A.B. asks: 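Below is one structure. I have some questions about it.
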Amino acid sequence: MKIGYACLTEGVPHVRYKSCLLKNATPDHLMNLIDHNLKTLAKVLDYNIENNIRLFRITSDLIPFGSHPINTLAWQQLFSDSLAMIGQKAKDHGMRLTMHPGQYTVLNSPNEEVVKRAMLDLNYHCAVLDGLGLSPQHKMILHIGGIYGNKEAAMNRFIANFDRLDETVKQRLIIENDDKSYTVEDVLAISKQINIPVVFDNLHHAILHGDHLDGEIDLINRVKQTWKPEDGTQKIHYSEQAWNKKIGSHSETVAIDQFMAFYQRLNRHDIDIMLEVKDKNLSALKCIQATTKDLPKQALEKEWHRYQALVLEHSPEIFQQIQACLQEKKADAALPFYRFIEIALQQEVQAQNALKAAQMIWSAFQKQVSEKEQLQFEKEILKIEKGLSTVSMKRFLFRLAQHYELSEWQNAYYFKDIL
DNA sequence: TGACGTCAAGATCCG
DNA sequence: CGGATCTTGACGTCA
């Protein structure tokens, strides 16, 4: 079983993808952006490897305007070495990479121009995975598309247009149920015609059906039949509804108890779970650690170190409770640990607690700072006391952590909003 | 014609 | 001038 996350990272320094507006997309600029983005992807894979994350979706924005006529670069050739190196990283560590063309890539449109662009976009996504040198087990996920007043005709159009795709694209393509139009049953019916795997998405399923727990696991096991040996392990999407946001919005974080309940009902290990959640890698790490038997103690301690300042900023009380919890050194501390984290982060940041968090990080390099930095810190303190944003304090502290090469603190989740 | 979703670029405002 | 915050863009469907 692999658990993974989609596209972007939280709290990982120096990984930010770049893009540009259509009007600025000159070949020269695109070259620079692609070069930067590939370096970024390589760093993200390093992060994944280091943190034992073995399932990851690559952002569609890797190559800006990757399927747009404005991008005339032969990027697959120009960056073949770089792509091959990145792909080798993944292969060396058993990492499964996927891609997911967005909601605007519509293969079943009645508009032929839209279909042509969708085919080009699928070619682009496939070219990335091909360029990385990855097998067809590294998939591309697509939704079925629109209804256009006649669902049956729309489904048949999907089937007909699938047939027009390149063989390499067909081998990678998998299809997913959505939250508006196409149920798992619909997608299974299409799958039966074109013989490609189905991705079960739990939240979409819950939205299109009233009570989502009823028969959910049976359905997942039925969907497994669409995965052939050459497709690799069955993959599903897991997400939770964001409270107080509109139906279908992904939650800020995966609520660990809700996930564990699902995991236990699922009761399978021959399955890969892609999380779709705002806090990305943070939830992936959480779910991985919570489901790892005999998790080494240092894994949680490393995680705690990254959470410390962020937790302190939200709740000094829970900060203390977590310290106590970890000192007990019981086995299976992961669940209580993450429960505490979730509760802490729901608390609003008070100025006095923001000060405590800043002080904690400051104390790590207080001894080596210059007088000028001391004065700057005092200025930042005043800003927080006045009730101003903590952003500039965080930027200041992050710069210090970089300057004094305190890599541990650079990885603090405390900095995730300013990276 | 605007909402939808998503992210960063670009624009503008502010001290 | 630099940093903080607001607006725009790129895509297709549907009301």
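Just so we're clear, the structure is a prediction, and the values are computed from it rather than from any experiment. Each chain gets a letter, A, B and so on, in the order its sequence line appears, and its residues count up from 1.
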A.B. asks: Between K286(A) and E342(A), does at least one N-O distance fall below 4.0 Å, as a salt bridge requires?
C.D. replies: yes
A.B. asks: Would you say a side-chain N or O of R395(A) is under 4.0 Å from OP1 or OP2 of dG2(C)?
C.D. replies: no
A.B. asks: Show me the pairs that pass ring pair (Phe, Tyr, Trp, His ring centres under 6.0 Å) and involve residues 246-282 of chain A, at least two apart or across chains.
C.D. replies: Y238(A)-F259(A), Y238(A)-F262(A)
A.B. asks: Checking E176(A) now: which residues fulfil salt bridge (charged side-chain N to carboxylate O under 4.0 Å, His left out) with it, not counting sequence neighbours?
C.D. replies: none
A.B. asks: Over how many whole Å does the gap from K379(A) atom NZ to dG2(C) atom P extend?
C.D. replies: 14 Å
A.B. asks: Under 6.0 Å from the ring centre and within 45 degrees of the ring axis: does the NZ or CZ of R157(A) meet both conditions for the six-membered ring of Y148(A)?
C.D. replies: yes
A.B. asks: Between E185(A) and K151(A) (salt bridge meaning N to carboxylate O under 4.0 Å), is one present in this structure?
C.D. replies: no
A.B. asks: Classify every nucleotide of nucleotides 4-15 of chain B by which part a protein heavy atom approaches to under 4.0 Å, writing B for the base, S for the sugar-phosphate alone and - for neither, in 5'-to-3' order.
C.D. replies: BB-SSSS-----
A.B. asks: Before accepting this row, confirm whether a basic side-chain N of the pair K416(A)/E10(A) lies closer than 4.0 Å to the acidic partner's carboxylate O.
C.D. replies: yes
A.B. asks: Rounded to whole angstrom units, what separation is found between the NZ atom of K394(A) and the P atom of dG3(C)?
C.D. replies: 17 Å
A.B. asks: Looking at D178(A) and K180(A), is there a salt bridge between them, counting it only when a charged N and a carboxylate O are closer than 4.0 Å?
C.D. replies: no
A.B. asks: From CG of D417(A) over to P of dG3(C), roughly how many Å is that when rounded to an integer?
C.D. replies: 18 Å
A.B. asks: Under the side-chain hydrogen bond (donor to acceptor under 3.5 Å, both in side chains) rule, what pairs show up with a residue in residues 397-409 of chain A, not counting sequence neighbours?
C.D. replies: H14(A)-Q402(A), E373(A)-Y404(A)
A.B. asks: For N150(A) and dT13(C), what is the distance between atoms CG and P respectively, to the nearest whole Å?
C.D. replies: 15 Å
A.B. asks: From the set dA4(C), dG3(C), dC14(C), return the single nucleotide nearest to any side-chain atom of S392(A).
C.D. replies: dA4(C)
A.B. asks: Determine the contact category for T105(A): base if any of its heavy atoms lies under 4.0 Å from a base atom, sugar-phosphate if only primed atoms, P, OP1 or OP2 are that close, otherwise nothing.
C.D. replies: nothing
A.B. asks: Considering heavy-atom distances to DNA chain C, does F65(A) or G149(A) have its closest nucleotide positioned more toward the 5' end?
C.D. replies: F65(A)
A.B. asks: Looking at residues at least two apart in the chain, or sitting in another chain, which of them share a side-chain hydrogen bond (donor to acceptor under 3.5 Å, both in side chains) with D121(A)?
C.D. replies: S67(A), T105(A)
A.B. asks: Closer to the 5' end of DNA chain C via nearest nucleotide, is it H68(A) or S181(A)?
C.D. replies: H68(A)
A.B. asks: Without decimals, in angstroms, what is the distance between F396(A) CZ and dG2(C) C1'?
C.D. replies: 16 Å
A.B. asks: Using a heavy-atom cut-off of 4.0 Å across all strands, would you classify S389(A) as base, sugar-phosphate, or nothing?
C.D. replies: nothing
A.B. asks: Given atom CZ of R117(A) and atom C1' of dA10(C), what is their separation to the nearest angstrom?
C.D. replies: 11 Å
A.B. asks: Quick check on the helix from dT1(B)-dA15(C) to dG15(B)-dC1(C): what's the angle between its two end axes, five base pairs per end, to the nearest 10°?
C.D. replies: 70°
A.B. asks: Please give, in whole Å, the distance from dA4(C) C1' to I418(A) CD1?
C.D. replies: 13 Å
